[in-house]
Amino acid sequence: MGSPSGDCGHETCYAQFKCHDPTGDDYYVTFTRKSVRISSCQDDAIKNKIKAWADLVPALE
């Protein structure tokens, strides 16, 4: 029998959220270990809010 092991330096993981803004804009926010990605977003105000929040999270630097 073997024992489980992992290679944290090469493992990847992410979480993706489908978001709905009250203005009617639907978009996705994807979090990885090193980045936050916004896709399908049409409203620059939403992008700016997410970017400002991500800039405050030290783990994302």
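In what follows, every heavy atom counts, from backbone to side chain, and hydrogens, waters and symmetry copies are set aside.
- Atom CG in Leu56 sits 10.0 Å away from atom NZ in Lys51 (nearest 0.5 Å).
- In this structure, the side chain to side chain contact (heavy atoms under 4.5 Å, CB included) partners of Thr23, at least two apart in sequence or on a different chain, are Asp21, Asp25, Asp43.
- The cluster map of Ile, Leu, Val, Met, Phe, Trp and Tyr, joined by side-chain heavy atoms under 4.5 Å apart, puts Val29 and Trp53 in the same cluster.
- Rounded to the nearest 0.5 angstrom, Phe31 CZ and Gln16 CD are separated by 10.5 Å.
- Linking ILVMFWY side-chain heavy atoms closer than 4.5 Å, directly or via other members, places Phe17 and Tyr14 in two distinct hydrophobic clusters.
- Other residues, nucleotides and ligands contribute over 12 non-hydrogen atoms within 6.0 Å of the NZ atom of Lys47.
- In this structure Ser35 satisfies the side chain to side chain donor-acceptor pair (under 3.5 Å) test together with Thr32, sequence neighbours excluded.
- Note: the hydrophobic cluster containing Ile50 also contains Val57 (ILVMFWY, side chain heavy atoms under 4.5 Å, direct or indirect links).
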